Amino acid sequence: MFIFMIISNGTEVIIKPYREKDTEEIVWLIHRNFMEVNVKD
């Protein structure tokens, strides 16, 4: 099962259940967010 959304800027987002094999990619995504987005604030 997954959730499909289209956000206000037209971007399509698919939310899937957590799978342990995705852990490393999730950690990198969070790290990249802090380094690229939050550093500007």
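What you see is a predicted model, and the numbers here were worked out from it, not measured in a lab.
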Trainee: How does the hydrophobic cluster around I14 look, that is, which other residues are in it when side-chain heavy atoms under 4.5 Å mark a link?
Mentor: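 Taking Ile, Leu, Val, Met, Phe, Trp and Tyr as members, I14 shares its hydrophobic cluster with F2, F4, I6.
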Trainee: State which residues pass side-chain contact (heavy atoms from CB on, under 4.5 Å) with E20; sequence neighbours excluded, sorted by chain then number.
Mentor: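 Scan of E20 (side-chain contact (heavy atoms from CB on, under 4.5 Å), adjacent residues dropped) gives Y18, T23.
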Trainee: Roughly how far apart are I3 CD1 and M5 CE, rounded to 0.5 Å?
Mentor: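 It comes to 7.0 Å.
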Trainee: Considering residues at least two apart in sequence or located in another chain, which fulfil the side-chain contact (heavy atoms from CB on, under 4.5 Å) criterion with M1?
Mentor: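 Checked M1 against side-chain contact (heavy atoms from CB on, under 4.5 Å); zero matches.
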Trainee: Please enumerate all residues that pass side chain to side chain donor-acceptor pair (under 3.5 Å) together with R32, with sequence neighbours excluded.
Mentor: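 R32: no side chain to side chain donor-acceptor pair (under 3.5 Å) contacts found.
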Trainee: Look up atom CZ in R19 and atom CD1 in I26, then write down how far apart they are to the nearest 0.5 Å.
Mentor: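 If we round to the nearest 0.5 Å, R19:CZ and I26:CD1 are 9.0 Å apart.
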Trainee: Restricting to side chain to side chain donor-acceptor pair (under 3.5 Å), what partner residues turn up for S8, sequence neighbours left out?
Mentor: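 Applying side chain to side chain donor-acceptor pair (under 3.5 Å) to S8 gives none.
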Trainee: Which ILVMFWY residues are connected to V27, directly or by a chain of links, through side-chain heavy atoms under 4.5 Å apart?
Mentor: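 Other cluster members: none.
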